[in-house]
Amino acid sequence: MAHSDVPKGETVEYRSWLKDFAGWIYGTDHITIQYGINYDGIDIQKLSPGTRGIVLLLLYLALDDLDDRPLIIDHPEENLDPQSIHRELVGLFLAAKQKRQVIMVTHNANLVINTDADQIIIAHCGNHSHGQMPPITYSSGGLESADIRRQVCDILEGGEEAFRERARRLRVRLSR
């Protein structure tokens with residue numbers, strides 16, 4: 001107020017100056033808001049579709065940290081290389097399954113094994129005639145089951161050797 005170029009004695013002009021000053025100091029016209037999502041310093045728009053999916057999943061899980069409802073995820077590994085799957089998704093799902101049930105649809109057996117899936121359902125598609133739907137059968141169980149392990153190993157990159165290495169790291173004895 002001491003910096004006013006209008007003397008206090010000129011009441012109308014002084015009040016007008018005060019009103020302009022209050023509008024300026026409490027106004028928001030000079031403020032702009034910009035927001036974005038960056039992952040490792042890169043704007044989300046510039047990320048690959050697979051990495052963008054990981055970022056959105058990370059964001060969702062971070063925002064719903066206290067959510068204990070089941071989480072259903074369809075193909076989280078889509079458009080990702082095996083290293084990114086292991087580095088980004090495995091830890092994410094291990095942490096999520098401590099708080100909630102995680103139901104995942106995936107073609108990636110490495111993801112199933114490395115997240116220590118409790119229950120696995122494997123779909124088998126049979127041969128079909130032209131114009132007809134193929135017969136689909138299902139097998140289910142845990143990795144403790146030799147039959148389920150065999151079927152997972154048939155799908156797994158690296159096959160049974162990769163599975164045995166995982167079991168060795170976990171110090172689990174496998175018998176077939």
Side-chain angles (χ1 to χ4, degrees), residues 25-125 136-174:
I25 200 162
Y26 296 113
T28 59
D29 294 341
H30 62 285
I31 298 173
T32 59
I33 297 174
Q34 295 178 337
Y35 61 91
I37 299 174
N38 290 336
Y39 181 70
D40 285 342
I42 301 171
D43 184 273
I44 193 168
Q45 299 291 336
K46 296 178 182 174
L47 296 173
S48 70
T51 305
R52 195 176 309 146
I54 288 176
V55 171
L56 294 175
L57 191 55
L58 284 165
L59 184 62
Y60 171 77
L61 289 172
L63 292 175
D64 284 347
D65 192 35
L66 300 176
D67 195 348
D68 61 356
R69 294 175 295 176
L71 175 63
I72 302 173
I73 301 172
D74 187 19
H75 293 90
E77 78 282 0
E78 203 162 33
N79 298 316
L80 286 177
D81 60 286
Q83 184 180 8
S84 294
I85 291 169
H86 186 74
R87 186 181 66 237
E88 304 290 346
L89 291 179
V90 170
L92 187 67
F93 289 127
L94 287 171
K97 79 180 222 176
Q98 296 301 314
K99 299 179 224 161
R100 63 202 306 185
Q101 181 182 22
V102 178
I103 301 168
M104 182 182 351
V105 177
T106 182
H107 289 104
N108 190 303
N110 286 307
L111 195 53
V112 171
I113 291 172
N114 289 317
T115 58
D116 298 325
D118 297 319
Q119 176 73 1
I120 301 165
I121 301 172
I122 302 170
H124 303 275
C125 183
I136 299 175
T137 58
Y138 299 94
S139 303
S140 67
L143 289 172
E144 299 80 19
S145 162
D147 183 50
I148 292 296
R149 275 198 314 273
R150 181 187 51 75
Q151 292 180 63
V152 169
C153 285
D154 290 345
I155 300 167
L156 180 63
E157 275 183 41
E160 188 171 345
E161 182 59 35
F163 191 87
R164 289 196 177 282
E165 176 60 24
R166 175 75 178 152
R168 186 189 64 74
R169 283 194 313 266
L170 293 173
R171 294 187 174 106
V172 175
R173 179 182 297 277
L174 295 178

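For the side chain to side chain donor-acceptor pair (under 3.5 Å) test, residues two or more places apart in sequence or in another chain that qualify with K99 are D65.
Interatomic distance, T106 OG1 to E78 CD, rounded to the nearest 0.5 Å: 10.0 Å. To the nearest 0.5 Å, atoms CD1 (I113) and CD1 (I120) are separated by 7.0 Å. Separating the CG atom in L71 from the CG atom in L57 is a distance of 6.5 Å, to the nearest 0.5 Å. The distance from atom CG of L80 to atom CZ of R52, rounded to the nearest 0.5 Å, is 12.0 Å. Between the OH atom of Y60 and the CG atom of L92 there is a distance of 11.5 Å, given to the nearest 0.5 Å.
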**OP:** Evaluate the side-chain contact (heavy atoms from CB on, under 4.5 Å) criterion for residues I73 and I103: first the C-alpha distance (whole Å), next the side-chain angles of each, then the deciding distance (0.1 Å), finally the verdict.
**Re:** CA-CA 6 Å; I73 301 172; I103 301 168; over 6 Å; no
**OP:** Evaluate the side-chain contact (heavy atoms from CB on, under 4.5 Å) criterion for residues T115 and K97: first the C-alpha distance (whole Å), next the side-chain angles of each, then the deciding distance (0.1 Å), finally the verdict.
**Re:** CA-CA 9 Å; T115 58; K97 79 180 222 176; 5.6 Å; no
**OP:** Report the C-alpha distance between Q101 and D118 in whole Å, list the side-chain angles of each, state the deciding distance to 0.1 Å, and finish with yes or no for side-chain contact (heavy atoms from CB on, under 4.5 Å).
**Re:** CA-CA 10 Å; Q101 181 182 22; D118 297 319; over 6 Å; no
**OP:** Starting from the C-alpha separation in whole Å, work towards a yes-or-no answer on side-chain contact (heavy atoms from CB on, under 4.5 Å) for Q98 and L94.
**Re:** CA-CA 7 Å; Q98 296 301 314; L94 287 171; 5.7 Å; no
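Distance alone, capped at 3.5 Å, places no donor-acceptor pair between the Q119 side chain and the S140 backbone.
The shortest non-hydrogen separation linking L111 to P76 is CD2-CG, 3.8 Å. Smallest separation of non-hydrogen atoms from H124 and Q151: NE2-OE1, 2.6 Å. The minimum heavy-atom distance linking V105 with E77 is given by the pair O-OE1, 4.4 Å.
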Let me check something: any side-chain donor-acceptor pairs from residues 36-44 under 3.5 Å, sequence neighbours excluded? List them with distances.
residue	atom	partner	partner atom	Å
Y39	OH	E88	OE1	2.6
Y39	OH	E88	OE2	2.8
D43	OD1	Q45	N	2.8

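Under a cut-off of 6.0 angstrom, the local environment of CD1 in I31 is crowded, with over 12 non-hydrogen atoms contributed by other residues, nucleotides or ligands.
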